[in-house]
Peer 1: 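Sharing a structure, written as structure tokens. Questions coming.
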Protein chains: 2
Amino acid sequence: MTYQAAFLALADPTRRQVFEELGRGPRSVGVIAAGMPVSRPAVSQHLGVLKKAGLVSQRAEGTRRVYYIDPKGLAAIRIWLDQFWDEALLAFQAEIEKKDVTE
Amino acid sequence: MTYQAAFLALADPTRRQVFEELGRGPRSVGVIAAGMPVSRPAVSQHLGVLKKAGLVSQRAEGTRRVYYIDPKGLAAIRIWLDQFWDEALLAFQAEIEKKDVTE
DNA sequence: GCTTACTGTTAGTAATGACTTACCAAGCGG
DNA sequence: CCGCTTGGTAAGTCATTACTAACAGTAAGC
């Protein structure tokens with residue numbers, strides 16, 4: 001049930017932008033905030049949420065805190081998606097065969 | 001960029017509960033609402049969001065509207081996850097080799 | 001030791017969104 | 001034709017949350 005926090009964390013556009021930025025490599029808070037329209041504390045808070053969701057981890061370099069992707073959070077989503085994919089697709093195909101898709 | 005709507009739709013617990021209920025098979029609005037603590041209009045609104053995100057589709061049976069899973073939305077998330085997985089894992093492993101994970 | 005750089009935290013505010021109640025439309029059976 | 005069932009829509013309320021500004025803490029350089 002960890003995917004709950006992951007979905008909630010990735011729902012916000014700004015927060016997902018922070019996350020995707022980290023996907024290109026480790027970054028410090030200031031560097032991330034510099035490339036975004038929001039203030040530094042906002043980025044710090046977003047990183048806190050991402051960390052709680054197990055999506056990122058942290059490493060201290062002097063006063064700098066370098067953040068980077070943690071596969072734990074993504075793995076939670078992947079597991080949920082994989083297990084849901086089968087039964088959902090099954091139910092969907094059953095419907096397709098029964099009647100056409102009404103848009 | 002369609003995964004944006006999908007993430008936002010699946011972030012809400014109630015809405016994901018509706019979605020997961022549909023994962024077990026097609027359901028009408030009333031049936032879904034009967035098994036949930038919220039009112040029927042709330043379910044209807046949630047279904048509207050899920051439909052806009054391409055996660056569910058609809059079929060009319062008289063006055064009844066039967067909803068069922070649409071793989072389009074899930075596919076959008078899967079694509080994003082797969083493409084993100086590689087570079088994220090790569091960046092993560094690079095960090096692991098450099099220094100230990102600080103919890 | 002003192003200043004400077006970098007970050008986390010708190011308080012307060014504005015905006016988003018989830019929910020209910022009430023109302024309206026459409027199909028089915030008497 | 002009329003009542004019943006089923007759903008979508010509108011308005012309004014309440015909670016959540018993303019954001020900024022101000023403050024506090026910690027490490028590095030002189």
Side-chain angles (χ1 to χ4, degrees), chain A residues 4-22 25-68 70 95 99 101-103, chain B residues 4-22 25-70 73 95 99 101-103:
Chain A
Q4 157 70 21
F7 268 121
L8 227 130
L10 292 176
D12 183 65
T14 305
R15 194 154 46 216
R16 200 179 48 256
Q17 190 178 343
V18 170
F19 185 67
E20 291 179 353
E21 178 65 26
L22 286 180
R27 302 272 193 278
S28 70
V29 180
V31 171
I32 299 174
M36 297 192 54
V38 297
S39 70
R40 185 191 51 74
V43 173
S44 185
Q45 290 170 358
H46 282 309
L47 286 170
V49 175
L50 290 172
K51 186 178 178 184
K52 266 200 160 186
L55 286 162
V56 303
S57 276
Q58 186 188 13
R59 163 165 50 90
E61 278 187 7
T63 69
R64 236 188 303 262
R65 318 290 173 87
V66 178
Y67 284 86
Y68 54 92
D70 185 346
E95 280 317 289
K99 277 175 187 170
V101 182
T102 63
E103 175 61 25
Chain B
Q4 157 69 23
F7 269 120
L8 226 130
L10 292 177
D12 184 66
T14 306
R15 195 156 45 218
R16 201 178 46 254
Q17 190 178 344
V18 170
F19 185 68
E20 292 179 351
E21 177 64 26
L22 286 180
R27 302 275 192 276
S28 70
V29 180
V31 171
I32 300 173
M36 297 192 54
V38 297
S39 69
R40 185 189 50 75
V43 173
S44 185
Q45 292 169 359
H46 282 309
L47 286 170
V49 175
L50 290 172
K51 186 179 177 185
K52 266 201 159 185
L55 286 163
V56 303
S57 276
Q58 187 189 12
R59 163 166 48 91
E61 277 187 8
T63 69
R64 241 188 302 261
R65 317 291 172 87
V66 177
Y67 283 86
Y68 54 93
I69 299 284
D70 185 347
E95 280 316 290
K99 277 172 188 173
V101 181
T102 62
E103 173 59 26

Peer 1: What are the residues of residues 30-39 of chain A, sorted by number, that bring a heavy atom to within less than 4.0 Å of DNA chain C?
Peer 2: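 Heavy-atom contacts with DNA chain C come from A:Gly30.
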Peer 1: Taking for each residue the nucleotide of DNA chain D bearing the nearest heavy atom, is the 5' side occupied by A:Thr63 or by A:Val49?
Peer 2: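 Whichever sits nearer the 5' end wins; that is A:Val49.
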Peer 1: If you fit an axis to the five pairs at each end of the helix from C:dG1-D:dC30 to C:dG30-D:dC1, how big is the angle between those two axes, to 10 degrees?
Peer 2: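 Taking five pairs per end, the axes differ by 20°.
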Peer 1: Closest heavy-atom contact between B:Gln58 and B:Tyr67?
Peer 2: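 Shortest heavy-atom separation between B:Gln58 and B:Tyr67 comes out as NE2-OH, 3.5 Å.
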Peer 1: Using the 3.5 Å cut-off, write out each protein N or O paired with an N or O of nucleotides 8-11 of chain C and the distance between them.
Peer 2:
unit_1	atom_1	unit_2	atom_2	d
C:dG8	OP1	A:Tyr67	OH	2.6
C:dG8	OP2	A:Ser44	OG	2.7
C:dG8	N7	A:Arg40	NH1	3.3
C:dG8	O6	A:Arg40	NH2	3.3
C:dT10	O4	A:Gln45	NE2	3.3

Peer 1: For chain A and DNA chain D, what are the first and last nucleotides along the strand, 5' to 3', with at least one atom under 4.0 angstrom from a heavy atom of the protein chain?
Peer 2: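 Going 5' to 3' along DNA chain D, contacts run D:dA18 to D:dA27.
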Peer 1: Please identify each residue that fulfils ring pair (Phe, Tyr, Trp, His ring centres under 6.0 Å) with A:Phe7, with sequence neighbours left out.
Peer 2: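 Scan of A:Phe7 (ring pair (Phe, Tyr, Trp, His ring centres under 6.0 Å), adjacent residues dropped) gives A:Trp80, B:Phe7.
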Peer 1: Please list, by residue number, the residues of residues 8-21 of chain B whose heavy atoms come closer than 4.0 Å to an atom of DNA chain C; answer none if no residue qualifies.
Peer 2: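 Nucleic-acid contacts, sorted: B:Asp12, B:Thr14, B:Arg15.
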Peer 1: Using whole Å, report how far NE2 of B:His46 lies from C1' of C:dG17.
Peer 2: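 Distance, rounded to whole Å: 10 Å.
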Peer 1: Who are the side chain to side chain contact (heavy atoms under 4.5 Å, CB included) partners of B:Ala53, not counting sequence neighbours?
Peer 2: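 Only B:Ala5, B:Ala9, B:Leu55 meet the side chain to side chain contact (heavy atoms under 4.5 Å, CB included) criterion with B:Ala53.
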Peer 1: Using the salt bridge (Lys or Arg N to Asp or Glu O under 4.0 Å) rule, collect all pairs that involve residues 6-17 of chain A, keeping only residues at least two apart or in two chains.
Peer 2: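 As it turns out, the salt bridge (Lys or Arg N to Asp or Glu O under 4.0 Å) pairs with a partner in residues 6-17 of chain A, which skip direct neighbours, are A:Arg16-A:Glu20.
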Peer 1: So which atom in A:Ala11 and which in B:Gln4 form the shortest heavy-atom distance, rounded to 0.1 Å?
Peer 2: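 Scanning both residues completely, I find the closest heavy atoms to be O-NE2, 4.3 Å.
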Peer 1: Heavy atoms only: give me the nearest A:Asp70-A:Ser57 pair and the separation to one decimal.
Peer 2: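 Closest approach of A:Asp70 to A:Ser57, heavy atoms only: OD2-OG, 3.2 Å.
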Peer 1: I need the B:Leu8 CG to A:Leu8 CG distance, nearest 0.5 Å.
Peer 2: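 One gets 9.5 Å once the value is rounded to the nearest 0.5 Å.
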Peer 1: Identify every side-chain donor-acceptor pair in residues 34-44 of chain A under 3.5 Å, counting partners at least two apart or on other chains, and give the distances.
Peer 2:
none

Peer 1: Show your working on side chain to side chain contact (heavy atoms under 4.5 Å, CB included) between A:Ile32 and A:Leu22 and close with a plain yes or no.
Peer 2: CA-CA 8 Å; A:Ile32 299 174; A:Leu22 286 180; 3.8 Å; yes
Peer 1: Applying side chain to side chain donor-acceptor pair (under 3.5 Å), name anything that partners B:Arg27, two or more places apart in sequence or on another chain.
Peer 2: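 In terms of side chain to side chain donor-acceptor pair (under 3.5 Å), with neighbours along the sequence ignored, B:Arg27 is linked to B:Glu21.
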Peer 1: I need the NZ-P distance between B:Lys52 and C:dG17, as an integer number of Å.
Peer 2: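 Checked: the NZ to P distance equals 12 Å.
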